Amino acid sequence: MNAKHAYNAIFKVVNLIEQGKVASYGQVADLAGLPGRARLTGKALGHVPTGLKVNWHRVLRSNGQIAFPKGSELARLQCALLQEEGVAVFNNRVRMKDFQWQPDLYILLHELDK
DNA sequence: CGAATGACCTTAG
DNA sequence: CCTAAGGCCATTC
């Protein structure tokens, strides 16, 4: 599997995350068939092809923290986007217990197997 | 081609 | 709560 396919798989998984829910980089990597490559997820989200819409703001660190330094432009943006979707963000962080995405395995297999 | 660099993770202290 | 260390690996320099 080359990098291009990996990126596609990642984008696909990220776009499957439902509104009002969040997932971690590692979780996305796993579901995309890239176990142990959480960093690649971050890499991918940092190089989204222009014109392609990706729900990057629903992806957080495994502990629920936003991956950007607090106060940075991107952090503020991600915060705002999440709150618009009903996800409570406190001090640059989300309570994973309350908002973590529970993937629908049926849809997941159906979507990724093509 | 080797070294540095990340939108990371987990465990241990 | 925090730091440190070890693992991961595509991309860039």
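Keep in mind the model is a prediction, meaning the values are calculated, not measured. To find a chain, count down the sequence lines: A is the first, B the second, and so on, and within it residues start at 1.
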Considering all heavy atoms of both residues, which atom of [X] and which atom of [Y] are nearest to each other, and what is their separation?
X        : Y        : result
A/Ser24  : A/Val59  : C-CG1, 4.1 Å
A/Gln65  : A/Leu60  : O-CB, 3.7 Å
A/Leu108 : A/Pro103 : CD2-CB, 4.4 Å
A/Val28  : A/Val13  : CG1-CG1, 4.0 Å

Using atom names, set out every protein N or O paired with an N or O of nucleotides 4-6 of chain B below 3.5 Å, distance rounded to 0.1 Å.
unit_1, atom_1, unit_2, atom_2, d
B/dG6, N9, A/Arg39, NH2, 3.0
B/dG6, N7, A/Arg39, NH2, 3.0

Return the value, rounded to whole Å, for the distance between atom [atom1] of [X] and atom [atom2] of [N].
X       : N      : atom1 : atom2 : value
A/Leu60 : B/dC9  : CG    : C1'   : 14 Å
A/Leu45 : C/dA10 : CG    : C1'   : 14 Å
A/Ile10 : C/dC9  : CD1   : C1'   : 12 Å
A/Arg61 : C/dC2  : CZ    : P     : 12 Å
A/Phe11 : B/dA7  : CZ    : C1'   : 12 Å

According to a strict under-4.0 Å criterion, is A/Thr41 in side-chain N/O contact with OP1 or OP2 of B/dC8?
no

Please pick, from [options], the nucleotide with the shortest atom-to-atom distance to any side-chain atom of [X].
X       : options              : result
A/Leu40 : C/dA10, C/dC1, B/dC9 : C/dA10
A/Ala38 : B/dC9, C/dC9, C/dC1  : B/dC9
A/Ser62 : B/dC8, B/dA7, B/dT10 : B/dT10

Taking C-beta and beyond as the side chain, do A/Val14 and A/Trp56 meet within less than 4.5 Å on heavy atoms?
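A side-chain contact under 4.5 Å is absent here.
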
Quick check: on DNA chain C, is the nucleotide nearest A/Pro35 upstream (toward 5') of the one nearest A/His47, or the reverse? Name the residue that is more 5'.
A/Pro35

Closer than 4.0 angstrom, basic N to acidic O: yes or no for A/Arg58 and A/Glu18?
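Salt bridge: no.
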
